[in-house]
Every structure is written in C-alpha cells, then in structure tokens.
Amino acid sequence: MEKLVDENKVDWKGRRADKLKYGGMRAAVLILAMLGFENLGTFSLAVNSVPYFSGMMHYSVPDSANMLTNYMGTGYILAIPVAILADTWIGRYTTVLISGLFEFVGLGLLTAQAHYSSLKPPSCNIYDRTAQCKTPSGGQEALLYIGLYLLAFGSAGVKASVPTHGADQFDETDPEEAGEMSTFFNTLLLAVCLGGAVSLTFIVWIQLHKGWASGFGIGTVAILLGILIFAAGLPLYRFRLRQGTNDFIQIIQVYVAAIRNRNLLLPEDPAELYEIKQDKEAAQEIEFLPHRNILRFLDRAAIQVKHDVESEKPPSPWKLCRVTQVENAKIVLSMIPIFGCTIIMTLCLAQLQTFSIQQGYTMDTTFTKNFQIPPASLPIIPIIFLIIIVPIYDRLFVPVMRKVTGVPTGVTHLQRIGVGLVLSCISMAVASIVEVKRKRVARDHNMLDAVPILMPPLPISTFWLSFQYFIFGIADMFTYVGLLQFFYSEAPKGLKSTSTCFLWTSMALGYFASTVVVKSVNGATKHITRSGGWLAGNNINRNHLNLFYLFLSIVSLINFFIYLVVSMRYKYRSQGHSVPAGN
C-alpha cells in the first residue's frame, strides 16, 4: 500500500513520492556521506592555508591571513544567492551536484599549481630578511584566485542546499519521520566533525610531510567520491518542487515598496492596509498573519492608493505588498540586531584560523617521543570535544534544564547565544595571556628572530594554544547552534528552508570584518610600534599579537552587553509591543 508524501515532493521521475520507497534515513545517509567527504577535502584549507600562501606563494603573513578570511567570507556570503537559485529555479539536488563539481575543479587547479614549479614562484625562505622572495606572477596569481574562488562558490552551494535537501527526505507532519529528521540534523553535525577531524589530522599531515600537492590531491579525490555517492542516491531521493518564486525576494519587495511609499501617510486603522481576501480554500494554501503595531514604517508597503484600487491590472509587488508580507519582513528586520551581535564572534574565530596557527609553528609540537602534532591540527581539540559533548548536552543537560526552566530546549535560543558570546570573549583573553607567555619564552631564550621550521622551536609546548581552542569550541556549540535554531524557529514560514543562510551571512561578515580590522589595526599602530604595526611583518615574535587579542576580548565584552540590550528588545517586540526608540 502506498503512503504518499505531500504534493510538493516528488520522486526522480516527477511522480508524487511514496514514503515507503523514497526518502527517509536510507536516502539521508548518502547525503551525510557526501557532506563528510566534502569536509574531509576542504576543511584543512580553513586552518592551514596561511602557511601555504606565505611559505609557497610568498605573501606576507597579514596578507595571507586576509586572503584566507576573504575566501571564507565569500564562501559563506554566496550561500544566500545560491539558496535562492536552488529553491526558485535550479533545484537543490542539481545545485549540490554543480557546486560539488565547482569544488572539484577548484581544488584540482590548486593541486596542479602546487605540483608544477612553473605555476608557482621559485622556492624561497620568506623569514630570511636578506632573501628577495618573489610573489606569484600575474598568470600564477590568476590561477590561484580562480581555483580558490571556484572552491568558495562550490562551498556556498553545498552549505545552501545539502541541509535542506536532507530535510526534504522527511515529512514533518509524520511523528515518526519528524523524529528521524531530528536525528538527521544531529548526525549532520557529526558528519561535519568527522570529516573535519580527518582533514585536520591526516590531510594536514600529508600537506606538511608529503607536500602540498599530495594534500590537495587527496582532498580533490575525496570531493569526487562525495559527488559520486550523492549522485548515486538519485533513485532514492524525494525532491521538493521548484517554487518559481522565493520568499527572500518577497521580503526585499516590502523594503523597496516601503521606501517608494515613504511620503504616504499611514492609515489610523490597520484594516485599511492591503491584504488579499481570505477564505477557507485560500487559508489552506496561502499564509495569513495578523497586523502588529511594531516597525510601522514598513506598513507603508501595504498602503493602497486610489489609482491602484481602481486599476484592473494587478498591483506591482515592488510598490504594494500584502500585510502578511509586511509582517514577515518585520520578523526578519527584528532578527537583524541579534544577527549583527554574532559577527564579532566569527571575527574572533578567524584569528584562531590564521594567527594562532602561525603561533603554533614557532612552538614545540612534540606530543610523545615519536609523534608531533602539526599546529594546523590543533582545532581537532574542540572538534573531538564537540563529538563527545553534543550527545551529552542533548541527552543529559537539556532534559535536566527542561525540568528546571520549562523550556523544551532546556534554555532559550537567545540565552544559548549569549553564553557563547561570553565564552568567545574569555577565549580571546586567554589567547592574549598565552601569547604574552610565548613571547616571554622567546625573549628569555634569545629567540625573537628564530625562523619557524628551519630553526629549533621555542621551548614551550604548542598545547598551550589548546586552551583558547577548547573554550572557543564550547562557545561554538552554544552560539552557532543556538543561532541556527533561533533563525529556524523565528523565521517566517517561507524562509525556514533557507534559514541557515542567516548563519552563513553572519559568519561571512565576520570573516570580511577580520580583513578590515587587521588592516585598520596595522594602519592605526604603524607609527607607534617598532615593528611597524601590531600585526606587521612575518615575524610574530616581534609584533604585538597579544595586544590584538586583548583588543578583541574587550570588543567582544562590549558586544555582549549590546547583545543583552538587543535580545531584551527583541523579546519585548516579539510579544507585539512597540519599542519607542528607533521606530
């Protein structure tokens, strides 16, 4: 007997999908495998690219750090337009395949460049002040950027479409499948962590001991395997029908219409605002939301003028919007301050992926007598911790707190985000203290000008850096997961499927902000430090990274207090109250 899913989901032949034949966990496993292999192939780039850009391509360390954060930011910010394309025209399955191919080609180009000497600058020690190291020529630099940003574009497509395509394999209205969907999202984080763990250990070790070309090459093969596994699930998947429109665009239409109608007077009676007629049949197909007396300037998008009422033509959606559209736009606009307060956290994360890795290369990496851990593998500490703590948090902490607070998730999403913001502030403070200790060791042993890798390391264990990674790993679990849950639970109905894009955008802006902050700090401190700036040059023993970390810790603390105010305002507004200031 057939058990059909809702009419918006079909099988690979375009027929309404049968639950017993299509979708479910057996299809989702292939999606999780693809995501695991994709992270295996690319995760090491997020932590070990600075040594490649500086050591092989001869860019300065600050420039290398900015190249990495720009690449990461682009990969996250592109998730929004790609999500719109996937939902509206291309479809999620096709988007994942195309994105995977972009990643495959991009990493393949980087592999070729790392392998062939004609595609990269001549070998040179950038830490030798007398050496005249050449940066890539125009053609070599073009190849580097093409490969890097093909990877960024492909990564954006995977981020935008893999989680939602996986969720499409389940029916939220079926209690059994709703439980399986929850398991899928928990396993999604596990797949990311497992793929990242292999990338941070095995791939990084290959890059450092067998060559960058070998490391990139193995990553390229991993991405290809992920694409093949994902594609093999075609006869098993459920596919959501393309919408032909997108709720992101409808939200933008409200803002445009409100600006165009800015000179119109708001009616005293909200019932005069434009809304389509509601009947029983329409109520089942179309969302209707009641008017709320908040952010009233957006109500101008729903003001009907006499000309539009009398015209037989349908009103332009860029000049007149439904009340429900306006209310959805109010929800999104209300979430933006919360979203803005999380940008600083990603800015801090960017430093752990760049400058902290460079610190590690100056320190003693000995783990046991016969084993050394690469500095780029240090982020494995919070990942292993997350693999262990996430099930404990879900199975022990949440049920206990649920009984105490009465909140189904143990603590509210806003409380969870706040805890993470505090921990990120503490992580940066700890990073500053550890850097003070590292530089003191370098000074006491007359090793301020020691060349990393080519000379003996400082007599201080690289595991001192694990404290800042460990604390930030906990912050990561609280804030980023809490932010994802917050956006999904609060987002308008039509935006829930792409609500992950809010998180990706927050992270993108954090990475881009890192580039701006690093350049600004160097410019502001250029004439007040002997090194020519807090972060200037390739020798981090001579710069003032400790002061930069302390600066970020203070900024994070200020950001947390702003978040407290913003979150209270959001809670007040969500109850339908109007906040006088800012309206």
Side-chain angles (χ1 to χ4, degrees), residues 35 38-54 57 59 61-83 99 102-103 106-107 109-110 144-160 162 192-193 195-196 199-200 203-204 207 215-216 219 223 339 342-358 375-379 382-383 424 427-428 469 472-473 475-476 479-480 483-484 500-519 535 552:
L35 189 62
E38 190 266 348
N39 271 272
L40 190 157
T42 62
F43 202 89
S44 62
L45 288 168
V47 295
N48 208 32
S49 291
V50 172
Y52 177 72
F53 294 148
S54 59
M57 296 297 167
Y59 294 105
V61 170
D63 286 343
S64 298
N66 288 339
M67 286 175 66
L68 173 59
T69 52
N70 287 340
Y71 154 73
M72 296 290 291
T74 301
Y76 284 113
I77 200 69
L78 285 177
I80 291 181
V82 173
S99 300
F102 270 106
E103 285 191 299
L107 195 52
L109 290 177
L110 294 184
L144 173 63
Y145 277 100
I146 289 172
L148 202 58
Y149 284 92
L150 281 176
L151 261 173
F153 182 81
S155 175
V158 171
K159 290 182 180 72
V162 165
V192 170
C193 289
S199 186
L200 288 174
I203 299 293
V204 167
Q207 289 171 347
F216 291 157
I223 290 174
F339 157 93
T342 61
I343 294 173
I344 296 297
M345 183 168 169
T346 303
L347 191 158
C348 297
L349 172 63
Q351 313 321 313
L352 298 185
Q353 295 176 326
T354 52
F355 292 111
S356 292
I357 301 299
Q358 290 304 109
S377 296
L378 283 175
I383 286 181
S424 69
S427 176
M428 287 296 100
Y469 280 110
F472 204 93
D476 194 19
T479 291
Y480 288 142
L483 195 62
L484 194 60
T500 54
C501 292
F502 289 104
L503 173 59
W504 307 141
T505 304
S506 169
M507 298 188 73
L509 294 176
Y511 281 115
F512 287 135
S514 175
T515 300
V516 174
V517 168
V518 168
K519 288 185 176 181
L535 308 172
L552 290 180

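The figures here come from the full heavy-atom set of this structure, side chains too, leaving out hydrogens, waters and symmetry mates. Remember, predicted model here, so these are calculated numbers, not experimental data.
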Problem set entry | Step-by-step side-chain contact (heavy atoms from CB on, under 4.5 Å) determination, Phe512 to Thr74 | CA-CA 8 Å; Phe512 287 135; Thr74 301; 3.7 Å; yes
For this session: Taking all non-hydrogen atoms of both residues into account, name the closest pair between Ser44 and Ser199 and its distance.
Result: N-OG, 2.8 Å
For this session: Please report the shortest heavy-atom distance between Tyr52 and Leu110, naming the atom on each side.
Result: OH-O, 4.3 Å
For this session: May I ask you to decide if Leu151's main-chain N or O and Ser155's side chain share a donor-acceptor pair within less than 3.5 Å?
Result: no
Seminar exercise, completed: For Phe472 and Cys348 the tightest heavy-atom approach is CE1-CB, 3.9 Å
Exercise. Is any side-chain heavy atom of Val50 closer than 4.5 Å to a side-chain heavy atom of Ile357?
Worked result: no
Exercise. Is there a side-chain contact between Gln351 and Val518, using heavy atoms and a 4.5 Å cut-off?
Worked result: yes
Problem set entry | Parallel, tilted or perpendicular: ring planes of Tyr76 versus Tyr511, cut at 30 and 60 degrees | parallel
For this session: Could you tell me whether the side chain of Leu349 reaches within less than 4.5 Å of the side chain of Met507, counting heavy atoms only?
Result: yes
Exercise. Between the side chain of Asn39 and the main-chain N/O of Leu35, is any donor-acceptor distance below 3.5 Å?
Worked result: yes
Problem set entry | From Ile77 atom CD1 to Asn70 atom CG, the distance as rounded to the nearest 0.5 Å | 12.5 Å
For this session: Look up atom CG in Leu68 and atom OG in Ser54, then write down how far apart they are to the nearest 0.5 Å.
Result: 11.0 Å
Exercise. Hey, what do you get for CG (Leu535) to NZ (Lys519), rounding to the nearest 0.5 Å?
Worked result: 13.0 Å
Problem set entry | Met428 side chain near Leu352 side chain, heavy-atom distance below 4.5 Å | yes
Exercise. Just wondering, do Val61 and Phe53 contact through their side chains at under 4.5 Å, heavy atoms?
Worked result: no
Exercise. What's the verdict on side-chain contact (heavy atoms from CB on, under 4.5 Å) for Val162 and Glu38, showing C-alpha distance, side-chain angles and the deciding distance?
Worked result: CA-CA 11 Å; Val162 165; Glu38 190 266 348; over 6 Å; no
Exercise. Mind checking what makes side chain to side chain donor-acceptor pair (under 3.5 Å) contact with Ser506, not counting sequence neighbours?
Worked result: Thr342
Problem set entry | Close side-chain approach of Leu45 and Phe216, heavy atoms under 4.5 Å | yes
Exercise. Going through the distances and angles, do Phe102 and Ile223 end up as a side-chain contact (heavy atoms from CB on, under 4.5 Å)?
Worked result: CA-CA 10 Å; Phe102 270 106; Ile223 290 174; over 6 Å; no
For this session: State, with a plain yes or no, whether a side-chain heavy atom of Leu509 is found less than 4.5 Å away from one of Thr346.
Result: no
Exercise. Which value, rounded to the nearest 0.5 Å, describes the distance between Gln207 atom CD and Ser49 atom OG?
Worked result: 8.0 Å
Problem set entry | Leu78 side, atom CG; Tyr149 side, atom OH - distance, nearest 0.5 Å | 10.0 Å
Exercise. Where do Ala156 and Ala79 come nearest, in terms of heavy atoms and distance?
Worked result: CB-N, 3.6 Å
For this session: Could you pull out the closest heavy-atom pair between Gly41 and Leu107, with the gap in Å?
Result: O-CD2, 3.6 Å
For this session: Rounded to the nearest 0.5 Å, what's the gap from CD1 on Ile146 to CG on Leu109? Could you check?
Result: 7.5 Å
For this session: Give the minimum heavy-atom separation between Met345 and Ser424, together with the two atoms involved.
Result: CG-CB, 4.0 Å
